[in-house]
2 protein chains.
Amino acid sequence: MNGAQALLTTFVDNGVDVCFANPGTSEMHFVAALDDVPSMRAVLALFEGVATGAADGYARMAGRPAAVLLHLGPGLGNGLANLHNAKRAHVPMVTVVGDHATHHKRFDAPLESDIDAVAATVSGWVHRCMRPGDVGADAAAAIRASGRGEIATLILPADVSWSDGGVPGTVSPLPDPVVDADAVRAAAAALRSGGRTVILVGGDATRRPGLTAAARLAEATGAEVLCETFPTRLERGAGVPAVPRLIYFAKFAAQQLAGATHLILAGARSPVSFFAYPDPDSPSDLVPAGCTVHPLAGPRGAAAALQQLADELAPGIVAPVPDIARPEVPTGALDAASLAATVAALLPEDAVIVDESNTAGAAVPDATAGAPAHDVLTLTGGAIGYGMPAAVGAAVAVPDRPVLSLQADGSAMYTISALWTQARESLDITTIVLNNGAYQILRWELANVGVAEPHSRGRRVTDLLELGNPDLDFVKLAEGMGVPARRVNTAEELAAALREAFTEPGPHLIEAMLRA
Amino acid sequence: MNGAQALLTTFVDNGVDVCFANPGTSEMHFVAALDDVPSMRAVLALFEGVATGAADGYARMAGRPAAVLLHLGPGLGNGLANLHNAKRAHVPMVTVVGDHATHHKRFDAPLESDIDAVAATVSGWVHRCMRPGDVGADAAAAIRASGRGEIATLILPADVSWSDGGVPGTVSPLPDPVVDADAVRAAAAALRSGGRTVILVGGDATRRPGLTAAARLAEATGAEVLCETFPTRLERGAGVPAVPRLIYFAKFAAQQLAGATHLILAGARSPVSFFAYPDPDSPSDLVPAGCTVHPLAGPRGAAAALQQLADELAPGIVAPVPDIARPEVPTGALDAASLAATVAALLPEDAVIVDESNTAGAAVPDATAGAPAHDVLTLTGGAIGYGMPAAVGAAVAVPDRPVLSLQADGSAMYTISALWTQARESLDITTIVLNNGAYQILRWELANVGVAEPHSRGRRVTDLLELGNPDLDFVKLAEGMGVPARRVNTAEELAAALREAFTEPGPHLIEAMLRA
């Protein structure tokens with residue numbers, strides 16, 4: 001058994017049986033070992049950012065890590081933006097970066113680069129494996145480390161991969177996170193204080209158990225519950241306690257938090273502005289003056305801490321949940337509102353929404369509040385180019401659930417080749433590209449940072465914020481990668497396209513023209 | 001004048017008047033300043049790897065740096081692979097990475113990451129600008145540093161960009177590299193020794209003056225001249241001294257160097273294998289046993305050193321050059337040979353070939369040896385996804401010259417959105433996508449690393465090396481980004497398409513089906 005075979009055996013023996021891969025020469029033994037370890041499913045990506053984004057989406061829905069196979073430093077670089085998102089999502093992921101053979105490193109061959117330094121910027125655990133006999137144990141250590149909700153990066157030199165002497169490793173389980181009794185006491189005191197108390201949920205508290213506990217606490221104490229701006233995986237819809245998300249733009253988020261005297265952090269970080277702005281009234285720290293912050297739990301164990309708190313403060317209280325309530329299928333012009341209503345009217349049962357719709361999808365959360373229960377995956381780290389790859393991973397993780405990928409046009413172009421992987425793997429993904437022909441968020445941000453209205457600026461400025469000249473044709477792009485696609489210009493057309501896409505198996509793309 | 005205005009003014013006042021940009025919120029003041037500094041040409045890329053690859057191609061053809069504008073750590077990550085190629089090409093480049101405002105850094109907002117660490121892996125110079133009054137001087141220092149053939153990375157916090165107090169900077173010129181008299185003496189002794197001597201040219205010695213000096217030395221002393229495997233910019237064709245390139249695969253490169261007793265490095269690194277292989281007869285170091293290596297000059301100043309050597313050893317000797325010699329336009333099936341012959345028959349005068357054709361373009365160099373003089377840009381760092389972005393930069397740098405982008409299909413998918421920038425900027429680029437439906441290089445490498453013949457492996461292995469299921473349709477992909485495209489299946493069709501593309505202004509894409 002060579003190093004690569006020990007690696008794959010360790011992976012599948014310990015529950016890591018999907019690998020999103022974009023291999024090169026230094027990974028050929030990993031590829032060859034797929035013949036020997038048939039229970040490993042290898043999914044080819046045509047670009048590394050697709051592989052890392054898919055592993056993120058997979059982990060969010062499967063609750064366990066996928067492996068990612070990357071080629072040397074440039075492959076890691078190509079995957080870095082979605083590794084950043086995954087780091088911020090606190091998901092488990094095991095990243096294998098193939099490297100030059102150990103004896104070849106010192107020759108500084110053309111593809112040599114500092115993999116370790118780049119990997120360290122996104123990984124909670126980085127290790128360079130130096131002997132085939134260690135591969136199994138190192139792989140097991142990586143899987144274990146990833147369980148803390150971190151990216152574990154194993155750098156694997158080619159000769160360690162191809163040499164004999166591999167021994168499969170065994171993962172020793174991580175202890176469950178312990179609920180901090182002092183933190184529970186402090187939060188309980190805040191909830192009993194009578195002041196305006198906000199529970200900010202994030203991490204593992206944004207799924208049904210955590211949300212239910214938070215909603216019971218709110219019902220019992222009058223506290224409010226908010227969700228972090230970009231949750232890793234938010235359960236919502238009919239039957240799930242509803243929670244508004246903290247708004248992306250700092251001035252609106254500050255309004256949501258105004259007057260709070262206590263802020264309980266249940267899996268969420270203390271809220272900060274996404275960006276700073278020249279306006280001196282736009283703070284970085286969104287905690288209101290005079291508000292006390294109570295860190296209750298980190299991303300792992302937040303639901304458990306809330307449940308303990310609810311058992312103490314809200315015994316017998318039942319969390320209110322929204323009934324099913326869908327809008328009528330709208331007709332007429334396609335704009336942000338009618339798009340959102342159409343989605344809400346037609347969303348299938350048990351869907352997964354991967355949301356990188358940015359500005360154009362802003363109306364979707366309200367519209368879908370009473371849609372059948374569904375999960376929403378969001379852009380945790382703010383690095384665009386996440387949506388279509390994450391949809392790949394989600395669909396691999398939960399093949400029986402329909403995935404709806406809401407994709408802004410500008411962001412779509414960073415990792416567009418995810419569509420090819422969707423087609424190759426026949427994944428049940430419906431992508432709506434929200435085509436407004438611009439980096440609309442940047443038009444807004446140009447004003448936010450104090451620059452005069454974009455429309456008063458010269459063509460040279462606005463050109464850099466627009467996607468036109470030439471217009472992108474996402475129907476052709478999708479068809480070029482084997483995904484059936486159609487363009488829709490009205491709400492009726494969108495509804496017809498959505499019905500068809502949700503009915504037929506395999507991927508579909510709908511280009512929704514929102515220019516009007 | 002704010003920091004951004006000081007930055008742009010310093011750039012254009014010192015000859016950096018093109019910026020390849022993919023901006024975000026933290027770069028909005030840079031974008032706004034474009035109105036105030038009209039001589040800066042900003043070229044929008046839809047993905048950062050397009051921007052960095054374009055800046056590389058630009059520098060290779062313009063001989064001076066372009067600026068690149070990237071958004072925070074994820075933007076830098078997306079650009080990293082082509083920064084790696086640019087580092088290995090020793091080109092000047094000034095990279096501006098926008099960052100959070102200085103007072104915002106400590107809040108660890110979602111897009112916060114260690115930009116400095118990632119930038120250091122590819123940059124010869126990295127600096128974080130902390131005050132608007134320093135921006136001009138820092139920008140000038142970056143331009144100066146880039147002149148050493150390095151990437152200079154300026155990290156620019158948003159508040160430093162938006163605050164007043166900017167002062168334009170002035171670049172103090174770099175001294176020319178000095179020819180090392182001892183190195184010239186040692187090389188001269190080697191050339192006079194009578195042993196088999198190889199001059200390996202690279203860096204700035206792969207253009208006409210350096211090649212002419214090397215060829216004169218060969219003519220006078222019997223030495224051989226070889227070019228490094230992946231030169232930054234190789235001048236060749238009719239009227240330019242011909243030089244074979246060191247072959248990519250180590251076993252063939254070793255044959256080219258076998259028997260050499262002296263190896264003179266003129267701008268090239270000492271030759272090493274691209275990858276290591278399990279075969280114990282496949283060395284990492286390609287210098288034959290018993291051969292003495294003579295480092296004559298680094299990438300800058302190699303041509304000057306060769307000229308000094310030629311003046312001493314080959315006075316009055318004229319370098320032989322190939323006459324114009326084109327094949328007939330072939331007919332019939334489209335394969336590597338007929339594709340190469342068609343290109344050679346129709347290549348326009350003074351063309352720039354950007355070569356990322358990998359395996360499928362292997363016959364092109366021989367076929368075009370007698371074509372009109374042209375430049376070839378190659379994959380210096382081995383990080384694929386370089387070709388189409390570099391073509392953008394080359395076409396911006398030399399708008400009066402036709403650019404021929406020879407692009408392998410697999411590699412094309414890493415930075416495919418370069419086609420959109422080609423269309424937006426109406427660049428005179430003809431792209432031939434060599435479609436063989438596979439990562440063909442990996443099929444070869446699978447065998448090279450000692451794995452049994454790919455065809456004997458299971459479907460699970462070969463699937464990871466093939467681009468089919470579904471097939472990519474590059475015509476639709478190109479049309480989806482506004483580039484006119486057609487598919488060709490025969491040499492006649494390729495010739496017709498090439499004639500049309502070379503005649504009409506603006507970009508064209510030809511998908512050459514090489515599956516047969």
Side-chain angles (χ1 to χ4, degrees), chain A residues 21 23 25-26 28-29 31-32 34-35 42 44 46-47 74 77-78 80-81 84 88 100-101 103-104 107 109-111 113-114 117-118 121 158 162 272 274-276 278 284-285 381-383 413-414 417 423-424 445-446 449 451 457-458 460-461 464 469-470 472-473 476-477 479-482, chain B residues 21 23 25-26 28-29 31-32 34-35 42 44 46-47 73-74 77-78 80-81 84 88 100-101 104 107 109-111 113-114 117-118 121 158 162 272 274-276 278 284-285 381-383 413-414 417 423-424 445-446 449 451 457-458 460-461 464 469-470 472-473 476-477 479-482:
Chain A
T25 298
S26 42
M28 283 299 99
H29 283 83
V31 172
L34 291 170
D35 264 359
L44 179 60
L46 299 185
F47 173 68
N78 283 337
L80 203 65
H84 172 85
R88 293 284 171 173
H100 285 306
H103 59 274
H104 195 63
F107 293 99
L111 272 164
S113 69
D114 192 345
V118 175
T121 67
W162 76 50
V272 301
F274 213 83
F275 290 106
S284 290
D285 186 349
M413 294 304 292
Y414 290 71
S417 74
R424 175 177 265 209
E445 291 287 45
L446 196 63
V449 298
V451 175
R457 306 296 298 197
R460 294 157 41 73
V461 169
L464 279 198
N469 184 26
L472 291 162
D473 181 334
K476 283 190 170 163
L477 290 172
E479 290 176 350
M481 290 181 276
Chain B
T25 298
S26 42
M28 282 300 97
H29 283 83
V31 171
L34 291 169
D35 264 0
L44 179 61
L46 300 185
F47 174 69
N78 283 337
L80 203 65
H84 172 85
R88 293 285 170 171
H100 285 305
H104 195 63
F107 293 100
L111 273 164
S113 70
D114 192 345
V118 175
T121 68
W162 77 49
V272 301
F274 212 83
F275 290 106
S284 290
D285 185 350
M413 293 305 292
Y414 290 71
S417 73
R424 175 177 264 208
E445 292 286 45
L446 196 64
V449 298
V451 174
R457 307 298 297 197
R460 293 157 42 72
V461 169
L464 279 198
N469 183 27
L472 291 162
D473 181 333
K476 283 190 169 162
L477 290 172
E479 289 175 351
M481 291 181 275

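The chains referred to below are lettered A, B, ... by the order of the sequence lines, with proteins before strands, and numbering in each begins at 1.
- For B:Arg424, the parts sitting under 4.5 Å from any heavy atom of chain A are the backbone and the side chain alike.
- The parts of B:Leu44 that come within reach of chain A are both its backbone and its side chain, each placing non-hydrogen atoms under 4.5 angstrom from that chain.
- Heavy-atom pairs under 4.5 Å with chain B peak, among A:Ala109, A:Ser26, A:Pro278, at A:Pro278.
- Your options are A:Ser113, A:Ala101, A:Gly381, and the one with the most heavy-atom pairs under 4.5 Å with chain B is A:Gly381.
- Listed options B:His104, B:Glu445, B:His29 were ranked by heavy-atom pairs under 4.5 angstrom with chain A; first place goes to B:His104.
- Proximity to chain A is absent for every atom of B:Ala158, based on heavy atoms less than 4.5 angstrom apart.
- A distance of 8.0 Å separates CE in A:Met481 from CG in B:Leu472, rounded to the nearest 0.5 Å.
- Atoms NE2 and CG, from A:His103 and B:Asp285 in turn, are 11.5 Å apart once rounded to the nearest 0.5 Å.
- Between chain B and the residues A:Leu80, A:Asn78, A:Thr25, A:Thr121, the largest count of heavy-atom pairs under 4.5 Å involves A:Thr25.
- For the options A:His84, A:His100, A:Met413, heavy-atom pairs under 4.5 Å to chain B are most numerous at A:His84.
- The two atoms that bring A:Leu464 and B:Ala21 nearest to each other are CD1-CB, 4.4 Å, heavy atoms only.
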